[in-house]
Amino acid sequence: MIETPSLVDQHCHGVLRTELGLGTFEAHISRTEGPPAPGTTLFDTQTGFAVRRWCPPLLGLEPHCAPARYLARRRELGVLESGRLLLRGSGITTYLVDTGLPGDLTEPGELACAGAAEAREIVRLELLAEQVADTSGTVESFLANLAESVHAAAADAVAFTSVAGVRHGLALAPEPPGPGEVRGAAGRWLAGRGVGGELSDPVLLRHLLWSAVASGLPLQLHAGLGAPGLRIDRTDPVLLTDFVRATAGLGTDLVLLHGYPYHRHAAHLAGVFPHVHVDCGAALVRTGARAATVLAEIMELAPFGKILFSTGAQGLPELHVVGARLFREALGRVLGTWVAEGAWSLADAQRVAGMLASGNARRVYGLD
């Protein structure tokens, strides 16, 4: 049996503090642009089935119980107690929390307390820039305050993360923009935005990426599937190849998040470039019962010291549970098969399992 007693969730978000009805709960299971097909629900997905398999027993119900029964039990326990039971039942011992999402989500400290775990913050670059812009009156003050804010964040955060692929696409010019180019882009953006306006200017996105690289902290880059309506052809991680090459040797690790359905492209980049790592988390949550196949495909191309577990969970503690359980099941199935076939020794399989579950993340993020 392959054991993974300790899990470091290297990219996730907080959970909602409010109770949810059936429709709202479903919307957090599968983020779509519209309702499900007539006569079905959003529980009729790989993620929905995985929630019904793994979460009810943690709340005292039988596996695969009806969604309405599960949510009634959740309401009976209350949002705090059900969240505590679910998070503590996940087996995650450390959360690295991207705090860049809007909404009534728990902070890292709250997540750590509920899950009886540790938590560290990941700072989202675009949100940081937007917050600085809201309080800066001129281009000069914006750029100076932004540089100071990135420096200050690097002192406490465990990593930076960027959604440049979501905001613009990953086919950005690879080199850092010049000072004049940055000032011009900042002037245009500030002149045209209101308070809270999102940053999507490609020059400023590149400026943020290179500011993060200069900090020396690991930089997480979102790729593959994301928010509803996203053009995923713009988020193929292979589009980052020139940027990856330009950052080689600078001392900053890049972590390609999510990746699916381009997980093999992300794994390839991790195999070619020493400073690139690949996340296997959200791909497994999306593929559910097929998670072992996806994990095996990542392990075909990426060195085992470059693959990191995460859940990518946001909003629902159930997604932390599902991410952890699917990872353990997939890893046990893949490595167990290779051991049974004689391709691997059990000792090697156990060592690699520990690397993927927590060891690689602890090394990359300096957690020990």
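The residues of the chain are indexed from 1 along the displayed sequence.
- The minimum heavy-atom distance between Pro317 and Gly83, with the atom names listed, is CG-CA, 4.0 Å.
- A donor-acceptor contact closer than 3.5 angstrom links the side chains of Arg362 and Thr94.
- When the options Val15, Leu319, Leu16 are evaluated for a side-chain contact (heavy atoms from CB on, under 4.5 Å) with His28, the one that passes is Leu16.
- A continuous path of Ile, Leu, Val, Met, Phe, Trp and Tyr side chains, each step under 4.5 Å between heavy atoms, connects Leu125 with Leu254, placing both in one hydrophobic cluster.
- The number of heavy atoms from other shown groups lying within 6.0 Å of OH (Tyr260) does not exceed 12.
- Annotation: Glu81, atom CD; neighbour count of heavy atoms from other residues, nucleotides and ligands within 6.0 Å is above 12.
- Here His275 and His277 keep their ring centres 6.0 angstrom or further from each other.
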For this session: Dump the intermediate steps for side chain to side chain contact (heavy atoms under 4.5 Å, CB included) on Ile122 and Tyr365, then the final yes or no.
Result: CA-CA 10 Å; Ile122 300 167; Tyr365 297 104; 5.8 Å; no

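- Put simply, the side chain of Gln46 gets close to the backbone of Ala289: a donor and an acceptor are under 3.5 Å apart.
- When the side chains of ILVMFWY residues are joined at heavy-atom separations under 4.5 Å, either directly or via intervening members, Leu204 and Leu172 end up in a single hydrophobic cluster.
- Neither side chain, Ser82 nor Arg74, offers a donor N or O lying under 3.5 Å from an acceptor on the other.
- You'll find the ring centres of Phe49 and Trp54 outside the 6.0 Å limit.
- Using a 4.5 Å cut-off between side-chain heavy atoms of Ile, Leu, Val, Met, Phe, Trp and Tyr, with links allowed through other members, Phe243 and Leu217 fall into the same hydrophobic cluster.
- Side chain of Arg52 to main chain of Pro63: no donor-acceptor pair is present (N/O by atom type, distance under 3.5 Å, no hydrogens or angles).
- No side-chain donor from either of Ser310 and Asp9 sits under 3.5 Å from a side-chain acceptor of the other.
- Looking only at side-chain heavy atoms (C-beta outward), Tyr262 and Val238 stay at 4.5 Å or farther from each other.
- For NE2 of His64, the number of neighbouring non-hydrogen atoms (other residues, nucleotides, ligands) closer than 6.0 Å is greater than 12.
- Proximity of a side-chain donor or acceptor of Lys306 to a complementary backbone N or O of Asp279 within less than 3.5 Å is not detected.
- A single hydrophobic cluster is seen to contain both Val364 and Val158, as judged by linkage of ILVMFWY side chains at heavy-atom distances under 4.5 Å, directly or through other members.
- A donor-acceptor pair under 3.5 Å links the side-chain atoms of Glu110 to the main chain of Glu107, judged by distance alone.
- Side-chain atoms of Asp104 and Thr18 include no donor-acceptor pair closer than 3.5 Å.
- Proximity of Gln10 to Val255: side-chain heavy atoms (C-beta onward) are separated by under 4.5 Å at one or more points.
- Ring geometry, His11 versus His13: the interplanar angle exceeds 60°, so the pair is classed perpendicular (tilted spans 30 to 60°).
- The CG atom of Leu96 sits 7.5 Å away from atom CD of Gln220, with the distance rounded to the nearest 0.5 Å.
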Exercise. Could you go step by step and tell me if Leu356 and Met299 meet the side chain to side chain contact (heavy atoms under 4.5 Å, CB included) rule?
Worked result: CA-CA 10 Å; Leu356 270 63; Met299 296 182 73; 4.2 Å; yes

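- With Asp201 contributing its side chain and Ala185 its backbone, the two residues share no donor-acceptor pair below 3.5 Å.
- The main-chain N or O of Ala324 is never found under 3.5 Å from a side-chain atom of Ser90 such that the two would form a donor-acceptor pair.
- No side-chain heavy atom of Thr247 sits less than 4.5 Å from a side-chain heavy atom of Thr252.
- Between Arg193 and Asp134 the shortest side-chain heavy-atom distance falls below 4.5 Å.
- Ion pair Arg75/Glu19 not flagged as a salt bridge, since none of the NZ, NE, NH1 or NH2 atoms sits closer than 4.0 Å to an Asp/Glu carboxylate oxygen.
- Crowding of Arg17 atom CZ: a count of heavy atoms from other residues, nucleotides or ligands under 6.0 Å exceeding 12.
- A ring-centre distance under 6.0 Å is not found for His263 and His258.
- Minimum heavy-atom separation, Leu101 to Leu105: CB-CD1, 4.0 Å.
- The pair Glu130-Arg167 meets the salt-bridge criterion, since a charged nitrogen lies less than 4.0 angstrom from a carboxylate oxygen.
- Listed here is the closest heavy atom pair of Leu111 and Cys12: CD2-SG, 4.2 Å.
- Formation of a donor-acceptor pair under 3.5 Å by the Thr40 side chain with backbone atoms of Pro36 is not found in this model.
- Here the OG1 atom belonging to Thr311 is positioned 13.5 Å from the CZ atom belonging to Arg325, to the nearest 0.5 angstrom.
- The closest side-chain heavy-atom distance from Glu318 to Leu86 is below 4.5 Å.
- Just one residue in the list Thr161, Thr99, Asp98 forms a side-chain hydrogen bond (donor to acceptor under 3.5 Å, both in side chains) with Arg124, and that residue is Asp98.
- Put simply, the side chain of Thr287 does not reach to within 4.5 Å of the side chain of Thr293, judged on heavy atoms.
- With hydrogens and angles left out, the side-chain atoms of Ser162 and Glu126 include a donor and acceptor closer than 3.5 Å.
- Of the possible donor and acceptor atoms, one in the side chain of Thr337 sits under 3.5 Å from a partner among the backbone N and O of Arg333.
- Counting only residues at least two apart or on different chains, the ring-ring contact (aromatic ring centres under 6.0 Å, His included) pairs with a member in residues 280-339 are Tyr95-His320, Phe304-Trp344, Phe309-Phe327, Trp338-Trp344.
- Follow the hydrophobic side-chain contacts under 4.5 Å out from Leu316 and you never reach Val79; the two are in separate clusters.
- The shortest non-hydrogen separation linking Pro237 to Leu256 is CB-CD1, 4.2 Å.
- Between the side chain of Asp253 and the backbone N or O of Pro218, no donor-acceptor pair lies under 3.5 Å.
- Proximity of a side-chain donor or acceptor of Asp44 to a complementary backbone N or O of Thr41 within less than 3.5 Å is detected.
- When all heavy atoms of Gly115 and Leu87 are compared, the closest pair comes out as CA-CB, 3.8 Å.
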For this session: Verify side chain to side chain contact (heavy atoms under 4.5 Å, CB included) between Leu205 and Leu209, making sure each step is shown before the conclusion.
Result: CA-CA 6 Å; Leu205 292 173; Leu209 293 179; 5.6 Å; no

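- Of the N and O atoms on the side chains of Thr235 and His222, not one donor lies less than 3.5 Å from an acceptor on the other residue.
- With a 4.5 Å cut-off on side-chain heavy atoms, Leu199 and Leu208 count as touching.
- Closest approach of Val51 to Pro56, counting heavy atoms only: O-CD, 3.2 Å.
- Annotation: side chain of Trp189 is not in contact with side chain of Val203 (no heavy-atom distance under 4.5 Å).
- Salt bridge annotation for Arg206-Glu175: present, with a cationic side-chain nitrogen under 4.0 angstrom from a carboxylate oxygen.
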